[in-house]
Amino acid sequence: MRYTNYPFPTDTYIPGQTARPTDAQLAIDAPLVPLPEENWRLCPHYLWGVDLYNHGYHWEAHEAWETLWHAAGRRGPIADFLKGLIKLAASRVKLAEGNAAGAERHLLRAKELFGGLNGERWCGLRVREIDGGRGLFLEFS
């Protein structure tokens, strides 16, 4: 399922293995506004990040959410939630690089940032632990 109509980059970026996408491939034609907790469906940059993540573009999702994290002022509940998403995406990038220790570090930080969100829905995402507590699953609805 897609939440936006923006075209995906040609390939997903894995540092040291594939070509990095251009800024034009990551840009979307929408004004950047901070993610509103109650009206998250109206935030195309957030939804673009979800689309990227759900379709295996983890580095690109990291970039999309990092832009929103900066727009959120990098502090507060929304910023912490976005940073958790950033760390979760970074964990997937580290796995693709073959760096299990780095992936685990980012995953643990994501779990810390998500804190008490286990099973709770926030900005349309439900965060649930899987794999005996070793992984996180995002359910978007």
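The first residue in the sequence is number 1, and the count goes up from there.
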For Ala64 and Gly49, the nearest pair of non-hydrogen atoms, with its separation, is CB-CA, 3.9 Å
Pairing residues for Asp29 by the side chain to side chain contact (heavy atoms under 4.5 Å, CB included) criterion, not counting sequence neighbours: none
Answer yes or no: is there a side-chain heavy-atom contact under 4.5 Å between Glu60 and Tyr53? no
Min side-chain heavy-atom separation Pro15-Val93 under 4.5 Å: yes
Heavy-atom closest pair, residues Gln17 and Ala96: NE2-O, 3.5 Å
Side chain Glu66, main chain Ile86, donor-acceptor under 3.5 Å: no
Could you grab the distance from atom CZ of Arg109 to atom OG of Ser91, nearest 0.5 Å is fine? 13.5 Å
Side-chain donor/acceptor of Thr12 to backbone N/O of Gly56, under 3.5 Å: yes
Please report the closest heavy-atom contact between Arg20 and Tyr13, naming both atoms and the distance. CA-CD1, 3.3 Å
What is the ring orientation for His55 with Phe8, classed by angle as parallel under 30°, tilted 30 to 60°, or perpendicular over 60°? tilted
Taken in chain and number order and not counting sequence neighbours, the residues that satisfy side chain to side chain contact (heavy atoms under 4.5 Å, CB included) with Pro44 are Tyr6, Ile28, Ala30
If you round to the nearest 0.5 Å, how far is CZ of Phe81 from CG of Leu68? 10.5 Å
Do Leu113 and Lys87 pass the side chain to side chain contact (heavy atoms under 4.5 Å, CB included) test, and can you show the C-alpha distance, the side-chain angles, and the key distance before you say yes or no? CA-CA 9 Å; Leu113 288 161; Lys87 291 295 184 179; 4.1 Å; yes
Any donor and acceptor pair, going by atom type alone, linking the side chain of Asn99 with main-chain N or O of Gly102 inside 3.5 Å? yes
Partners meeting side chain to side chain donor-acceptor pair (under 3.5 Å) with Thr10 (sequence neighbours left out): Gln25
Side-chain contact test, heavy atoms from C-beta onward, threshold under 4.5 Å: evaluate it for Pro21 versus Tyr57 and give yes or no. no
Can you check whether Leu88 reaches Arg92 side chain to side chain, under 4.5 Å on heavy atoms? no
With hydrophobic residues grouped by side-chain heavy-atom distances under 4.5 Å, do Leu32 and Leu35 end up in a single group? yes
Counterpart residues, salt bridge (charged side-chain N to carboxylate O under 4.0 Å, His left out), relative to Lys94 (two or more places apart): Glu97
Without swapping roles, check the side chain of Thr18 against the backbone of Ile14 for a donor-acceptor pair under 3.5 Å. yes
Please report the interatomic distance CH2(Trp59) to CG(Leu52), rounded to the nearest 0.5 Å. 10.5 Å
Under 30°, 30 to 60°, or over 60°: which ring-plane class applies to Tyr46 and Trp40, parallel, tilted or perpendicular? perpendicular
Can you check whether Val50's main-chain N or O pairs, donor with acceptor, with Tyr3's side chain at less than 3.5 Å? no
side-chain hydrogen bond (donor to acceptor under 3.5 Å, both in side chains): pairs with one or both residues in residues 67-84, sequence neighbours excluded: none
With sequence neighbours left out, the residues meeting salt bridge (charged side-chain N to carboxylate O under 4.0 Å, His left out) with Arg2 are Asp51
Assess the residue pair Cys123 and Leu82 against the criterion (side chain to side chain contact (heavy atoms under 4.5 Å, CB included)); give the C-alpha distance rounded to whole Å, side-chain angles, the decisive distance to 0.1 Å, and a yes or no. CA-CA 10 Å; Cys123 293; Leu82 288 166; over 6 Å; no
Minimum heavy-atom separation for Ala110 to Gly84, with atom names? CB-O, 3.5 Å
